[in-house]
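Residue numbers begin at 1 in each chain, while the letters A, B, ... track the order of the sequences. Bear in mind the structure is a predicted one, so any value in this text is a computation, not a measurement. What you see below is based on every heavy atom in this structure, not just the backbone, and it leaves out hydrogens, waters and symmetry mates.
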Protein chains: 2
Amino acid sequence: MNIAAPSIENAGPFTRACVWHKLLANKIVEVAEKTKKLGQDDPRRIVHSLKVGLALTLVSLFYYIQPLYDRIGKNLIWAVMTVVLVFEFSVGATLGKGLNRMLATFSSGALGFGVHYLATLAGEKGEPIVLGFFVAIIAATVTFVRFFPIMKTRYDYGLLIFILTFTLVSVSSYQEDKVLRMAYQRVTTIIMGSFVAIVTCICIRPVWIGEELQNLVVNNIENLGNFLQGFSGEYFKISEDGQPLSDKTFLQGYKSLLTSKNCEETMANLARWELWHYRFGFCHPWKQYVKVGTLTRQCAYKIDALNNYLNSEIQTLNEFGCKIQDPSTKICSESGKALRELASMVKKMNQSTSVNAHIENLKIATENLKFMLDIYHLKDAKLQDIIPPAEVALTLIDVVPCIVKIADAVHELASLAHFKTPAIRVSP
Amino acid sequence: MNIAAPSIENAGPFTRACVWHKLLANKIVEVAEKTKKLGQDDPRRIVHSLKVGLALTLVSLFYYIQPLYDRIGKNLIWAVMTVVLVFEFSVGATLGKGLNRMLATFSSGALGFGVHYLATLAGEKGEPIVLGFFVAIIAATVTFVRFFPIMKTRYDYGLLIFILTFTLVSVSSYQEDKVLRMAYQRVTTIIMGSFVAIVTCICIRPVWIGEELQNLVVNNIENLGNFLQGFSGEYFKISEDGQPLSDKTFLQGYKSLLTSKNCEETMANLARWELWHYRFGFCHPWKQYVKVGTLTRQCAYKIDALNNYLNSEIQTLNEFGCKIQDPSTKICSESGKALRELASMVKKMNQSTSVNAHIENLKIATENLKFMLDIYHLKDAKLQDIIPPAEVALTLIDVVPCIVKIADAVHELASLAHFKTPAIRVSP
């Protein structure tokens, strides 16, 4: 646009219109392409959008059913509002918001009614004062409660709705005679709205946040494994057929992991609300996924250091480099296998026995490398030649305890979540 | 409680009551202590809670003013609702939500009215069908638009309110005759509510998220500087009086930085809404703070590696260690000074000339260290003795380009945000 601007200023109105038309067309094509990409990247977004449209149409049907409208009247807006505000992308988030909203409306409605009763005792002039006092006190208290970390993560929306409904019920009560009826209608319509939202969310291609969290953790562990398995080939410039690898995407897979902490915690908090998922059942240990995620991230920080050695110019291997090649390659391949096995364990929710064998091999390879470094004696070598391979070797030794910790955490998860033991096949 | 349980089961009702009473009392004391700590950690939380109480009392006054109630009636609930939903901890978040809500209500109200007009053309039987069709289409489209990253970060709340108001106006229009009046009242009350929330938020001890972001970035840079300045003393076991340092808290300060990415981005997005802050003015380059933050984080990953060398058992310095001590200490102290100077530059929003001098010194010290490593020749040394100090030296060399990048980004910030040039004092 900056380039086009000067030519437009000197041009006639027709040329100007043509230029702007072209710019507009380009912009439209750009937005259309972005939209297409957004839908292709995750088609569930389109499904979610259609689900919201459907749920709103369903809930607005209540308006067109005359007997229902005659009974509940304008309070039906609460049902519509509930659907818009409660419907979220994942089942966990929708359930969490829906349950929070229903509980908060019910309890704050009751409290609002109590305060209304107290206020009427104070006489006509005292009523606004008593109401105002209670609104200020209760709103301030509940707002402060929202700062408690445990309340913030699980009941923040509920507390917000608590303040909202309490204030609405208590101040409306000043001008409304049938407070109890109003409160009752509001609770009913909010339950109706939550019900429509939850049912639509669960019945049509649901997105379970628990599954998402599991996939995220599995992918993260797999990415670490892929990096380690590919690293030795890349660093020592070998692959199975003796050639350097051409596809290097696996070297970047772990990067998103470095900053995924908040995401994992939010997902684990939402997954708690998915009480009756067919695979995870009741009270699945979601916290343990966060623990596995944290350990994976700590491992990724170290792996980031390994990645830096790949980026620096790689010289041909000197004598020392050749010495460490074998045990380093062994560590890389065994860690890769162990991590992939751990990932598949979490994914299939099966116990696995082969992980321990890989971990044992890993420990032996580490001891070999350590021993080699211990006995290696420098005779007349340049420091610059020795340091890079030695750093790689030491970082690899450093990565091993991280992998052992991840394995322990996954085993703990397996026992907490009662992973299935695979049937042992006895050969005839 | 697990320990107390068996004794309770065998005890009489009086003992049981005593035990439960004690447990309850302990719980209450615990909650009270947590509450006190929450308030003491950040007293602005208490102020915020009181502000919410006040704003709600103010807005509920509208209900008690009979002429106003007679005019607007039950639609006043929208003002109360707006205050509860719009009032946030920081000015940026409150302004963002308030403006989003007002704009969305206005535009969706107009669209809803248009759809209502179209629907009436379809006759009495066709009206619900046309309305339902438009509700589904528009809700689905706007829900999909919410997935665009740029819309998600800035206008998510507005889009939600757009769906909400559009659905409410168009479905209510089926049962309501005075649609235009209803839409007008709704817009008015929402403006009233937003106004009360924004004024209360800004006038009583406001929390500017822009200032928070600036402080966060400043603290992060300072923490890096403190670590580097303290590191050489700790690693080589020296301090200014030749003793190892006793206070080691500065070594942990950088840790929170490793995962603060999302937090910084959210703050920068909210800070955009604070259009007229007295210090930052209009269109402050908040994106640049995120860039500085990202570079600081990349530096922190490397510093995390340095911290690991502190945790490993430190042997007495060998000949090689003594050789690198001087240039390493120089690098640490110069980077510390440069980073602190950069932090103070951002904090005071002043240009600074001394940063460049420190950076030059830093580069010279790095060249010295590199040269030393280049010419150092290993004669009959054990690898295990050489590696740890050599790794420290190489990591320090690696940290320097990160610091130079941070300095460049801060200088860019200084020119984008027009930092003041300090008056040069001429000696008489």
Q.
With a 4.5 angstrom heavy-atom cut-off, is it the side chain or the backbone of A:Ser170 that approaches chain B, or both, or neither?
A. neither
Q. Between A:Phe89 and chain B, which part of the residue has a heavy atom less than 4.5 Å away: side chain, backbone, both or neither?
A.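 The side chain, not the backbone.
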Please flag which part of [X] lies under 4.5 Å from any non-hydrogen atom of chain A: side chain, backbone, both or neither.
{"X": "B:Lys51", "answer": "neither"}
{"X": "B:Phe62", "answer": "neither"}
{"X": "B:Tyr301", "answer": "side chain"}
{"X": "B:Leu76", "answer": "neither"}
{"X": "B:Leu258", "answer": "both"}
{"X": "B:Ile77", "answer": "both"}
{"X": "B:Thr165", "answer": "neither"}

Looking at [options], which has the largest count of heavy-atom pairs under 4.5 Å with chain B?
{"options": "A:Leu54, A:Ile163, A:Leu373, A:Leu50", "answer": "A:Leu373"}
{"options": "A:Val145, A:Val59, A:Asp42, A:Leu394", "answer": "A:Leu394"}
{"options": "A:Ser49, A:Ala139, A:Gly39, A:Gly53", "answer": "A:Ser49"}
{"options": "A:Ile161, A:Ile138, A:Leu160, A:Thr395", "answer": "A:Leu160"}

Quick one: which of [options] has the most heavy-atom pairs under 4.5 Å with chain A, could you say?
{"options": "B:Leu131, B:Ile137, B:Asp304", "value": "B:Leu131"}
{"options": "B:Val52, B:Leu164, B:Val135", "value": "B:Leu164"}
{"options": "B:Asp398, B:Leu61, B:Val84", "value": "B:Val84"}

Got a second to check how far [X]'s [atom1] is from [Y]'s [atom2], nearest 0.5 Å?
{"X": "A:Arg146", "Y": "A:Asp156", "atom1": "CZ", "atom2": "CG", "value": "4.0 Å"}
{"X": "A:Trp78", "Y": "B:Leu168", "atom1": "CH2", "atom2": "CG", "value": "10.0 Å"}
{"X": "B:Tyr157", "Y": "B:Arg101", "atom1": "OH", "atom2": "CZ", "value": "4.0 Å"}

Q: Measure up the A:Phe147 and B:His48 rings against each other and bin them: parallel (under 30°), tilted (30 to 60°), perpendicular (over 60°).
A: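 A:Phe147 vs B:His48 ring planes: perpendicular.
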Q: Indicate yes or no: does B:Asp374 engage B:Lys370 in a salt bridge with an N to O separation below 4.0 Å.
A: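 Looking at B:Asp374 and B:Lys370, the cut-off is not met.
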Q) Do B:Tyr254 and B:Leu306 come close enough that some side-chain heavy atom pair is under 4.5 Å? A) no
Q: Answer yes if the ring centres of A:Phe166 and A:Phe134 are under 6.0 angstrom apart, and no otherwise.
A: no
Q: Using the test side-chain hydrogen bond (donor to acceptor under 3.5 Å, both in side chains), find all partners of A:Lys97 that sit at least two apart in sequence or belong to another chain.
A: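 By the side-chain hydrogen bond (donor to acceptor under 3.5 Å, both in side chains) rule, A:Lys97 matches A:Glu88.
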Q. How would you list, by chain and number, every residue that makes a side-chain hydrogen bond (donor to acceptor under 3.5 Å, both in side chains) with B:Glu127, sequence neighbours excluded?
A. none
Q: Provide the closest heavy-atom pair for A:Leu58 versus A:Thr200 in the form atom of the first, atom of the second, distance.
A: CD1-OG1, 4.4 Å
